[in-house]
2 protein chains.
Amino acid sequence: MNSGILKPASSPSSKTETSGSRDVLTRLRTDIVSSVFEPETRLKFADMTKRYDVGIGTLREALSQLSSEGFVTVEAGKGFKVSPVSAEELIEITDHFITFEKRAVREAIAHGGEDWETNIVAVHHRLSLIEGLPWERRMERHSEWVERHREFHEAIIAACPGRWLFRLRSIMFDQLDRYRFVTKRAPEGLGGRKLEEHREIMTATLARDADLACALIEQHIRDTSERAIKLL
Amino acid sequence: MNSGILKPASSPSSKTETSGSRDVLTRLRTDIVSSVFEPETRLKFADMTKRYDVGIGTLREALSQLSSEGFVTVEAGKGFKVSPVSAEELIEITDHFITFEKRAVREAIAHGGEDWETNIVAVHHRLSLIEGLPWERRMERHSEWVERHREFHEAIIAACPGRWLFRLRSIMFDQLDRYRFVTKRAPEGLGGRKLEEHREIMTATLARDADLACALIEQHIRDTSERAIKLL
DNA sequence: ACTCTTTCTTTTTTCGAAAATCTGTCTATC
DNA sequence: GATAGACAGATTTTCGAAAAAAGAAAGAGT
């Protein structure tokens with residue numbers, strides 16, 4: 001089957017066209033985050049190499065990487081499978097992420113300069129361009145939203161000098177993305193609210209009000225996670 | 001990371017290399033931790049495949065894994081090199097580790113059962129067998145000490161139910177190991193002191209005195225890290 | 001009916017050749 | 001002398017074939 005010469009990649013959602021050039025690690029992670037592969041699914045080399053059009057070795061390296069990020073689990077001799085999800089894990093991840101993020105925000109506010117501020121304004125604008133859209137159009141560009149949402153939160157803490165703090169936070173953020181996905185098709189509700197929240201977070205941060213920024217971020221994250229828990 | 005597979009532990013062969021019984025990932029990590037390769041050293045495939053007697057693909061996977069653990073850094077097209085070390089990073093790692101460890105200890109004390117207690121006593125005994133030795137003999141069995149030391153601290157927090165907390169802690173612990181190595185050849189000093197400290201930590205933990213255990217552990221880690229900072 | 005082999009199939013894991021990329025050196029040109 | 005281009009050697013990255021391991025199915029013995 002799939003007699004096409006290149007790129008079968010018949011993902012059900014063929015809206016975002018960029019996937020062809022991105023590397024297999026990113027594509028595979030995206031597919032796991034967006035539940036193209038359900039939890040516990042075995043990721044067989046034969047299928048995967050065809051789907052992503054890469055060699056076995058390259059694929060194995062990507063899977064190995066994803067296993068250390070926690071997205072897939074590996075059992076020696078039995079191959080790789082998509083890591084399971086659970087409400088308990090989401091609670092724990094949320095908890096860790098909030099702890100990291102609050103700490104990082106304080107550091108960033110303490111150390112950030114003009115470039116940091118400017119970048120926050122810039123990426124927030126990019127994000128608001130999508131969040132300001134009506135519901136259907138937002139859904140169409142969901143994967144873009146995911147990316148810009150990540151960019152925004154990363155920009156906020158970019159001035160944090162602790163590299164490990166940044167790194168640990170990012171691991172948790174990526175994990176949250178996976179759970180965040182389940183709220184994608186949730187009823188409209190907080191769509192416009194998010195636009196508000198992000199603007200408030202930006203304002204507090206640029207005003208160097210660390211306490212307020214932390215409180216807003218904590219609420220922002222907890223809201224999303226709690227919605228996800230209900231849908232799990 | 002190091003899943004519960006029992007390792008060969010002892011060094012069977014006279015020379016450092018030969019006998020590729022342990023897998024290349026473990027051996028390479030050990031070599032980096034014990035400064036066989038200095039920081040910033042480029043890890044060329046040609047040399048490495050000969051040294052560890054594995055194929056290019058296998059080696060690449062190991063290096064890739066180590067890069068996500070933070071031991072090596074990778075630049076696309078320019079290969080892998082041993083990550084740099086710095087006093088600043090040690091301070092940050094120490095800080096994160098202590099935060100994780102204290103939290104994990106409290107959880108473990110709250111949740112641990114009889115098996116947990118028993119295992120702590122057992123691995124502490126194994127550790128004390130080395131720490132009770134005179135200085136020269138301790139040095140001879142340093143790599144065994146590293147392993148048993150890890151086992152001991154892992155046993156203390158084994159009952160902690162948070163899997164991500166455990167995981168994040170372990171990443172930091174592995175990083176600390178690398179810095180801990182520089183204190184290996186430090187003047188005798190705290191050799192006997194450590195034996196004391198570990199016994200105190202065990203006693204406090206088994207007595208379910210979380211506050212005391214946390215305080216002891218924090219002191220224990222900070223002492224070691226501060227000694228390392230001076231030697232950096 | 002059950003279990004222990006044996007054999008065959010599927011899947012993972014390893015390996016080294018070949019392609020792509022980078023680095024440094026030499027030469028032509030201004 | 002400085003700059004750009006091109007060549008050669010070294011190094012990384014990719015790929016798929018082949019070996020090793022796991023799983024499934026069939027057969028023999030109890």
Side-chain angles (χ1 to χ4, degrees), chain A residues 1-9 19-29 31-32 37-69 71-84, chain B residues 1-8 17-29 31-32 37-84:
Chain A
M1 42 187 76
N2 261 335
S3 57
I5 297 178
L6 283 180
K7 308 199 175 57
S19 57
S21 59
R22 285 191 302 170
D23 72 331
V24 62
L25 173 61
T26 307
R27 294 211 286 151
L28 193 39
R29 179 167 37 218
D31 284 345
I32 291 174
F37 303 114
E38 302 269 311
E40 307 281 2
T41 305
R42 282 195 61 194
L43 300 171
K44 299 185 194 170
F45 285 87
D47 303 340
M48 296 296 118
T49 51
K50 269 191 292 184
R51 175 179 244 274
Y52 297 107
D53 190 35
V54 293
I56 296 175
T58 309
L59 179 66
R60 173 164 252 274
E61 190 185 324
L63 284 168
S64 165
Q65 191 89 30
L66 287 172
S67 94
S68 67
E69 292 176 23
F71 287 109
V72 313
T73 57
V74 54
E75 202 173 344
K78 292 196 61 179
F80 298 82
K81 69 172 191 192
V82 180
S83 294
Chain B
M1 193 171 302
N2 292 329
S3 49
I5 301 166
L6 196 59
K7 294 189 236 175
E17 48 189 41
T18 66
S19 84
S21 58
R22 285 194 303 169
D23 75 329
V24 61
L25 173 61
T26 306
R27 293 210 289 151
L28 193 39
R29 179 166 37 216
D31 284 346
I32 291 174
F37 304 115
E38 302 269 311
E40 307 282 2
T41 305
R42 282 195 60 196
L43 301 171
K44 298 186 195 169
F45 285 87
D47 303 341
M48 295 296 116
T49 49
K50 269 189 293 184
R51 175 177 242 274
Y52 297 107
D53 191 35
V54 292
I56 295 174
T58 310
L59 179 66
R60 174 163 251 275
E61 190 185 326
L63 284 168
S64 165
Q65 191 90 32
L66 288 172
S67 94
S68 67
E69 291 176 23
F71 288 110
V72 314
T73 57
V74 54
E75 203 172 344
K78 294 194 60 177
F80 297 82
K81 69 173 191 191
V82 180
S83 294

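Letters A, B, ... are given to chains in the order of the sequence lines, protein chains preceding strands, and every chain is numbered from 1.
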Report yes if some heavy atom in the side chain of Arg29(A) is under 4.5 Å from a heavy atom in the side chain of Leu66(A); otherwise report no. yes
To the nearest angstrom, the CZ-P distance between Phe45(B) and dT21(C) comes to 16 Å
Separation of dT11(C) atom P from Leu43(A) atom CG, nearest Å, is 13 Å
Heavy-atom nearest nucleotide on DNA chain C taken for Gly57(A) and for Gly79(A); more 5' hit belongs to Gly79(A)
For Gln65(B), the side-chain contact (heavy atoms from CB on, under 4.5 Å) test, sequence neighbours excluded, returns Ser64(A), Ser67(A), Ser68(A), Leu25(B), Glu69(B)
For Asp31(A) and Arg51(A), the nearest pair of non-hydrogen atoms, with its separation, is OD2-NH1, 3.1 Å
When rounded to whole Å, the CD1 to P distance for the pair Ile56(A) and dT13(C) reads 11 Å
Glu75(A) atom CD is separated from dT11(C) atom C1', nearest whole Å, by 14 Å
When you check the phosphate oxygens OP1 and OP2 of dT11(C), does a side-chain N or O of Lys44(A) lie under 4.0 Å from one of them? yes
**Item:** Stepwise side-chain contact (heavy atoms from CB on, under 4.5 Å) test for Leu28(B) and Leu59(B)
**Value:** CA-CA 9 Å; Leu28(B) 193 39; Leu59(B) 179 66; 4.1 Å; yes
To the nearest angstrom, the NZ-C1' distance between Lys78(A) and dT11(C) comes to 12 Å
The reported gap from OG1 in Thr41(B) to CZ in Phe80(B) (rounded to nearest 0.5 angstrom) is 15.0 Å
Span of DNA chain D engaged by chain A, first through last nucleotide within the 4.0 Å heavy-atom cut-off, is dT14(D) to dG23(D)
- Quick one: does Arg60(A)'s side chain have a donor or acceptor within less than 3.5 Å of a partner on Glu61(B)'s backbone? no
